[in-house]
Peer 1: 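The structure that follows is given in the form of structure tokens.
Here is how names work: the chains are called A, B, and so on, in the same order as the sequence lines, proteins then strands, and each is numbered from 1.
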Amino acid sequence: MSTQKPSIPKGTRDFSPQEMNRRNCIFKTIRLVFEQFGYQPIETPAMENLSTLLGKYGEEGDKLLFKVLNSGDFLSGVEESELTKDNAAALSSKVSEKGLRYDLTVPFARYVVQHRNDITFPFKRYQIQPVWRADRPQKGRYREFYQCDADVIGSDSLINEAELLLIADKVFGKLGLKVIIKLNNRKILSGIAELIGHADKITDITVAIDKLDKIGLKKVNEELAERGLDVDAIARLQPVINLQGSNAEKLSKLSDLLRNTADGPQGIAEITEILVLAGIMNISSPVELDLTLARGLNYYTGAIIEVKAADVTLGSICGGGRYDNLTGIFGLPDVSGVGISFGADRIYDVLNELNLFPTAARSTTRVLFVNFGGKEEKLSIEMASKLRAIGINTEVYPDNIKLKKQFSYADSNQIPWVVMIGEQERMDSSCILKNMTTGQQDTMPMGEIINHIV
RNA sequence: GUGGUUUUAGCUCAGUUGGUUAGAGCGUCUGAUUGUGGUUCAGAAGGUCGCGGGUUCGAGCCCCGUAUCCCACCCCA
């Protein structure tokens, strides 16, 4: 029998107990904050029908979908003449009708429409599940990763936007991570595109402007030209790209520039209102108006939100925005939603890089009972149950083997207390409690243990 | 999808112009200590050098292919 080298697919990862403890700490923090604001949990299947997913993320997104091959004879109904290289795209729709979810927002929209009669609007839901993208992995980019989404659907109020900013602020506050919250609005971007006479090129414009930090003004302008903008339009874009100052200053200048555009003034009014509400909510992270922010342009229609770690460059760790009519494509028009998504894996990477993980990175066991076998083992099991009953995580070593091995186990799992009940101790109803940090050990009545380890 | 890069013990990595039997640290295991871990000391186990082919008297090292890791682009959490 030939042995096989064990491996996992590209871009996926195993998580060790230590990593899981840390990851759970992130999930727990996010879940707690979501619940604090009244969001309710749902889950959706890892697989959706491809028809649900295709066409929702643009052409690029479709390519990044993991498709699931039909079970059984997946080639039935496929003509031999269709099995050609350049027919791959058309062929894939015939041999695959399911795909792994690409994000949590589209499945949520599908969920809302499908269960509309059971939902009370506005519906505030949260969802913490993995998503899959057939992307090429690199720093901070995985093919399987967790998103933690909170969305409100069925409410136009800007309070929701502000509340989501507060949620982000609270989550990162609890994690001890300094962040910058960036805010933009699709309507302002539309206004800008209209202003320079290229309303049709809003995507090209924003994609190019988005790189300002990275490649600089000169290259951005070159890219704009490559994307088909004339010299005049690029010239008229400069005042917008170069916009400086505080949020209020930027908004004031923008409001002047975009005065005569269709969407601009509305976008400015929305951002202004969100900032006012955010102010009332005492958000402690800086909230910056950033016109270069162009996330998820495919479906955002109002606010666009992004959160970046202040001390590390690692893409965005949280993003979101307002999407009008996302459910329209599934047959429920005129329902507006706004949501935010935390990238748990990137948050992990950032916390790890900054050494911000708290002490929780160890076994949660507080007490280990040494196993001496026989009557002593039985007694240890009983005592362990009593400790667990009062909320102390307790293990009994499963095998009666040499003490060296059992103490090593406690040591490498960083279990702080070890209890020994051997023959001697059993005889006089005592036990030995050892503090693994100091090395000190004392003989005491069994009932005394609790007083020492709490 | 495009470009670059990595791969040698469980882990992190050395390995000279191509030359006998491929090394270190950490970890693991055994013993010093048959009822005591973390420190110390003595010892041991552990390798198809990613995989497949080629050049050569001879390949961990050179050539070709392939997988994989990581990095950048595109795009994104």
Peer 1: Of the nucleotides A72(B), G35(B), C75(B), which one has an atom closest to the side chain of V207(A)?
Peer 2: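 The nucleotide sitting nearest to the side chain is C75(B).
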Peer 1: Kindly indicate whether the side chain of D411(A) and the base of G37(B) share any N or O donor-acceptor pair separated by less than 3.5 Å?
Peer 2: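 For D411(A), whose side chain was compared with the base of G37(B), there is a donor-acceptor pair (under 3.5 Å).
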Peer 1: Which nucleotide in the list G35(B), G37(B), G3(B) gets nearest to the side chain of K404(A)?
Peer 2: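 Nearest to the side chain of K404(A) among the choices is G37(B).
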Peer 1: Please classify the nucleic acid contact of S408(A) as base, sugar-phosphate, or nothing, using heavy-atom distances under 4.0 Å.
Peer 2: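 Counting heavy atoms under 4.0 Å across all strands, the contact made by S408(A) is with sugar-phosphate only.
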Peer 1: Determine which nucleotide pairs with A42(B), using a 3.5 Å limit on both distances of a Watson-Crick or G-U wobble pair.
Peer 2: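 Pairing partner: U30(B).
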Peer 1: So, does the side chain of R133(A) form a donor-acceptor pair with the base of C76(B) at under 3.5 Å?
Peer 2: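 Side chain to base: no pair present.
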Peer 1: Tell me what Y142(A) touches on the nucleic acid: a base, only sugar-phosphate, or nothing, going by heavy atoms under 4.0 Å.
Peer 2: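 It contacts base atoms.
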Peer 1: Planes under 30° and centres closer than 5.5 Å, is that true for F145(A) with the base of A77(B)?
Peer 2: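 Here F145(A) meets both the 5.5 Å and the 30° conditions.
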Peer 1: Indicate, yes or no, whether a donor-acceptor pair under 3.5 Å links the base of U68(B) to the side chain of K10(A).
Peer 2: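 Result: no qualifying N/O pair found.
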Peer 1: Scan side-chain atoms only and decide if Y142(A) and D349(A) contain a donor-acceptor pair under the 3.5 Å cut-off.
Peer 2: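 Present: a donor and an acceptor within the cut-off.
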Peer 1: Is any side-chain N or O of K434(A) under 3.5 Å from a base N or O of G37(B), one able to act as donor and the other as acceptor?
Peer 2: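 Looking at the base of G37(B), it does pair with a donor or acceptor on the side chain of K434(A) (distance under 3.5 Å).
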Peer 1: More than 12 foreign heavy atoms under 6.0 Å from CD of E423(A): is that the case here?
Peer 2: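 No, because the 6.0 Å sphere around CD of E423(A) holds 12 heavy atoms or fewer from other groups.
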Peer 1: Considering every strand and a 4.0 Å limit on heavy-atom distances, what is the contact class for E425(A): base, sugar-phosphate, or nothing?
Peer 2: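 Contact class for E425(A): base.
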Peer 1: Students often get this wrong, so: under 4.0 angstrom with heavy atoms, is G61(A) touching a base, only sugar-phosphate, or nothing?
Peer 2: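 Nothing: the residue G61(A), judged by heavy atoms under 4.0 Å, touches no strand.
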Peer 1: Below 3.5 Å, does any donor atom in the side chain of Q441(A) face an acceptor in the base of U36(B), or the other way round?
Peer 2: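 Check passes, donor-acceptor contact within cut-off.
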Peer 1: Using only heavy-atom distances, decide whether a donor-acceptor pair under 3.5 angstrom links the side-chain of R346(A) to the base of C76(B).
Peer 2: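 Under the 3.5 Å cut-off, the side chain and the base do form a donor-acceptor pair.
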